[in-house]
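For reference, the structure is listed below as structure tokens.
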Amino acid sequence: CSLQNRRIFFGGSNALMSLEAVVRNRESLEKKSAAIRSAGPSKLQVIADFDGTLTKYTVDGRRGQTSHGLLQQGNAEYDAKRQALYDYYHPLEYSPTIPLEEKTKLMEEWWEKTHGLLVEGGLTFDAIKKSVADATIAFRDGVVELFEFLEEKDVPVLIFSAGLADIIEEVFRQKLHRSFKNIKVVSNRMVFDDNDRLISFKGKTIHVLNKNEHALDMAAPVHDNLGDPNGSVNDYSLVKNRTNVLLLGDHIGDLGMSDGVEYENRISVGFLNGNTEESIGSYREAFDVVYLNDASMWGVIELASQLC
Ligand code: TMP
């Protein structure tokens, strides 16, 4: 199915339920695509959010879990405390009416409390493995094919998430059963003691609205690329030289993920997962292409194949 034949919407706001993609400005998109293609794959990098972007919003009719949400600490009291925080803060996260500054404070509060509960209530790496095995989480159709395509073209993928790096990497191990030498995860990373118990988190917390402040972290050398600990470490450390960016996110705040790169061209793709009617206007302004209704990654693969 080509991008031309796909149900694409160029204006208005009717019938959103049946649409798959909204393109802000086709001419500008084609111009950027041509510029990226002519610079070649060595100048391209992909920066992707994880939860709700690489993963489905709905899995088998249920809300898909996030890397945070799937975690069962093995301590019912603390699981319930984190769930109560989720019930309170998650609607605020997606509210289109809360001003950015206020929402940022709320998100800081949420992450701080949740991380605190994970340390206080006890968490082991075994509990992470079990939680992932039991989780309602699935990659969007086409994600593996997208990664394979980008690996073949030697294009690095930075997964930039406000979730939990240790869990995202476990999701890759368990759900994909394979590794990709071009992928690096930048996310909140746990520190375990010798008995594999969580004792703290590394560095400054990344939440959904401060990714721009962490964007430079991505330029750090790759130590934790999935799968191939010996290979390609230096190949992907110089992401700053890759001045063309394909950015994938599900929040307007995700656009800040590319702030550490002085990019020449950026194509931004947004997955609009909730509050479609209220948010389509701002998403259409913010992203070059907006995917609706829990779309697959096939459209992004087609876009990527036009870029390299
Ligand atoms: P991201 O992977 O899209 O950057 O964001 C992480 C998601 O994690 C975000 O949508 C909110 C969610 N979350 C939970 O489900 N439970 C939590 O305790 C916290 C702090 C975040």
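We count residues from 1, following the sequence as given. Please read all numbers here as calculations on a predicted model, not as lab measurements. Order of appearance sets the numbers: ligands from 1, and atoms from 1 within every ligand.
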Could you list the atoms of ligand 1 found under 4.0 angstrom from a heavy atom of Ser161? 1 (P), 2 (O), 4 (O)
Given the side-chain rings of His90 and His68, with only the six-membered ring counted for Trp, is the space between their centroids under 6.0 Å? no
Atom 10 (O) of ligand 1 has as its nearest protein heavy atom Glu93 OE2, 2.7 Å
So, regarding Ala162 and ligand 1 (criterion: nitrogen or oxygen to nitrogen or oxygen, under 3.5 Å), is there a contact or not? yes
Polar side chain donor-acceptor pair, Asp79 to Gln83, under 3.5 angstrom: no
In sequence, state the C-alpha distance, the side-chain angles, and the governing distance for Thr124 and Asp196, and then conclude on side-chain hydrogen bond (donor to acceptor under 3.5 Å, both in side chains). CA-CA 5 Å; Thr124 60; Asp196 264 355; over 6 Å; no
Are the aromatic ring centres of His251 and Tyr94 under 6.0 angstrom apart? yes
One residue to check: Leu85. Relative to ligand 1, which of side chain, backbone, both or neither has a non-hydrogen atom less than 4.0 Å away? neither
among protein heavy atoms, the one nearest atom 21 (C) of ligand 1 is His68 ND1, 3.3 Å
Do Trp111 and ligand 1 have an N or O pair less than 3.5 Å apart? no
Pair Glu77 + Arg82: basic N to acidic O under 4.0 Å: no
Note: heavy atom closest to atom 13 (N) of ligand 1, options Trp110, Tyr94, Tyr86, belongs to Trp110
Does a side chain donor of either Arg62 or Thr136 reach within less than 3.5 Å of an acceptor in the other side chain? yes
Shortest heavy-atom approach to atom 12 (C) of ligand 1 - which of Thr66, Ile168, Thr205: Thr66
Does Lys113 come within less than 4.0 angstrom of ligand 1, counting non-hydrogen atoms of the residue? no
Under the salt bridge (Lys or Arg N to Asp or Glu O under 4.0 Å) rule, what pairs show up with a residue in residues 50-61, not counting sequence neighbours? Lys56-Asp141
Does an N or O anywhere in Thr114 fall below 3.5 Å from an N or O of ligand 1? yes
Is there at least one pair of N or O atoms, one from Asp49 and one from ligand 1, spaced under 3.5 Å apart? yes
Out of all atoms in ligand 1, which are within 4.0 Å of some heavy atom of Lys211? Include the element for each. 4 (O)
Students often mix this up, so state it plainly: with edges at 30° and 60°, are the rings of Tyr89 and Trp110 parallel, tilted or perpendicular? parallel
May I ask you to decide if the ring planes of Phe147 and Phe172 are parallel, tilted or perpendicular, using 30° and 60° as cut-offs? parallel
What protein heavy atom is closest to atom 6 (C) of ligand 1, reported as residue, atom name and distance in Å? Asp51 OD2, 3.3 Å
Does ligand 1 have an atom under 4.0 Å from some heavy atom of Arg82? no
